[in-house]
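Working notes for the structure below.
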Amino acid sequence: QVQLVESGGGLVQAGDSLGLSCVASGRTFRNYNMGWFRQAPGKEREFVAAVSWSGGRTFYADSVKGRFTISRDYAKNMLYQQMNSLKPEDTAVYYCAASDPGELLHRGGAIGSWGQGTHVTVSS
């Protein structure tokens with residue numbers, strides 16, 4: 001499977017913006033659906049956003065729709081997530097994930113690879 005490493009987390013204030021990055025290595029990046037999940041303290045990991053292996057379709061959780069934007073760069077094997085208008089409830093560890101084309105990340109499809117996670121803290 002592909003190896004994933006996230007970066008870009010940090011401490012910000014409510015209303016600020018923050019960008020996350022994820023670099024993929026080991027396998028052909030364009031063969032995978034890519035996405036972001038998050039896990040807040042005391043809560044289960046939840047889907048945030050995904051982009052299809054072709055880059056033609058994106059999916060978002062209702063809680064982030066209109067505020068977060070997912071994108072991918074095939075030349076750099078990179079996945080990005082731009083987060084705007086951050087809220088304290090966005091505080092979580094954010095994980096990059098990859099799945100085979102037939103496994104839809106926004107529909108609970110099987111995750112093939114996880115990153116180690118990056119912390120995002122939004123203060124009020």
Side-chain angles (χ1 to χ4, degrees):
Q1 288 290 344
V2 64
Q3 285 78 52
L4 306 172
V5 178
E6 304 95 334
S7 61
L11 171 63
V12 297
Q13 293 186 332
D16 284 352
S17 298
L18 191 65
L20 302 182
S21 300
C22 172
V23 60
S25 62
R27 292 292 180 96
T28 305
F29 177 66
R30 65 175 57 253
N31 288 347
Y32 296 94
N33 298 324
M34 299 295 299
W36 293 95
F37 289 73
R38 68 186 181 187
Q39 187 167 17
K43 296 187 177 180
E44 293 187 353
R45 193 172 298 188
E46 64 176 2
F47 168 76
V48 177
V51 56
S52 63
W53 64 272
S54 67
R57 299 191 69 186
T58 57
F59 307 90
Y60 296 94
D62 288 342
S63 59
V64 306
K65 202 169 293 183
R67 299 188 298 121
F68 290 13
T69 302
I70 189 170
S71 61
R72 62 191 299 170
D73 184 330
Y74 292 96
K76 297 180 179 179
N77 284 2
M78 293 291 295
L79 178 73
Y80 304 101
Q81 178 162 273
Q82 178 63 36
M83 305 184 294
N84 299 328
S85 303
L86 283 161
K87 305 175 181 180
E89 51 264 42
D90 294 318
T91 295
V93 178
Y94 284 73
Y95 297 89
C96 178
S99 72
D100 290 336
E103 300 291 344
L104 303 180
L105 291 171
H106 67 294
R107 295 294 189 187
I111 306 294
S113 298
W114 289 102
Q116 84 288 352
T118 185
H119 289 258
V120 173
T121 302
V122 184
S123 64
S124 58

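The model shown is predicted, which means the values in this text are computed figures rather than measured ones.
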Hits for side chain to side chain donor-acceptor pair (under 3.5 Å) against K65, two or more places apart or cross-chain, chain-then-number order -> D62
Distance, nearest 0.5 Å, that separates [atom1] of [X] from [atom2] of [Y]:
X: T121; Y: D90; atom1: OG1; atom2: CG; result: 11.0 Å
X: S123; Y: Q13; atom1: OG; atom2: CD; result: 4.5 Å
X: E89; Y: S63; atom1: CD; atom2: OG; result: 9.0 Å
X: R72; Y: T58; atom1: CZ; atom2: OG1; result: 12.0 Å
X: H119; Y: E6; atom1: NE2; atom2: CD; result: 10.5 Å
X: R67; Y: T69; atom1: CZ; atom2: OG1; result: 11.0 Å

After noting the C-alpha distance and the side-chain angles of L79 and L4, does the key distance pass the side chain to side chain contact (heavy atoms under 4.5 Å, CB included) rule?
CA-CA 10 Å; L79 178 73; L4 306 172; over 6 Å; no
What closest approach, in Å, do [X] and [Y] show between heavy atoms, and which atom pair accounts for it?
X: A14; Y: S124; answer: CB-CA, 4.3 Å
X: A92; Y: R38; answer: CB-CB, 3.8 Å
X: A98; Y: V2; answer: CB-CG1, 3.6 Å
X: L105; Y: A50; answer: CB-CB, 3.9 Å
X: Q3; Y: G26; answer: OE1-CA, 3.5 Å
X: S113; Y: Q1; answer: OG-CB, 3.0 Å

Are [X] and [Y] linked, directly or through other ILVMFWY residues, by side chains that come within less than 4.5 angstrom of each other?
X: W36; Y: W53; result: no
X: Y94; Y: F59; result: no
X: V120; Y: Y60; result: yes
X: Y74; Y: V5; result: no
X: V51; Y: M83; result: yes

Does the pair Y80 and D73 meet the rule for a side chain to side chain contact (heavy atoms under 4.5 Å, CB included), with working shown?
CA-CA 8 Å; Y80 304 101; D73 184 330; 3.9 Å; yes
Should V64 and Q81 count as side-chain neighbours, where that means a heavy-atom distance under 4.5 Å?
no
Would you check if K76 and S21 make a side-chain contact, meaning some heavy-atom pair closer than 4.5 Å?
no
Decide side chain to side chain contact (heavy atoms under 4.5 Å, CB included) for F68 and I70; before the verdict, give the C-alpha distance in whole Å, the side-chain angles of both, and the deciding distance to 0.1 Å.
CA-CA 7 Å; F68 290 13; I70 189 170; over 6 Å; no
Run S99 and Y32 through side chain to side chain contact (heavy atoms under 4.5 Å, CB included) and show every step you take.
CA-CA 5 Å; S99 72; Y32 296 94; over 6 Å; no
Is the W114 ring parallel, tilted or perpendicular to the F37 ring (thresholds 30°, 60°)?
perpendicular
Does R57 use its side chain to pair, donor to acceptor, with the backbone of S52 at less than 3.5 Å?
no
State whether the side chain of D16 and the backbone N or O of L86 hold a donor-acceptor pair below 3.5 Å, judged by distance alone.
no
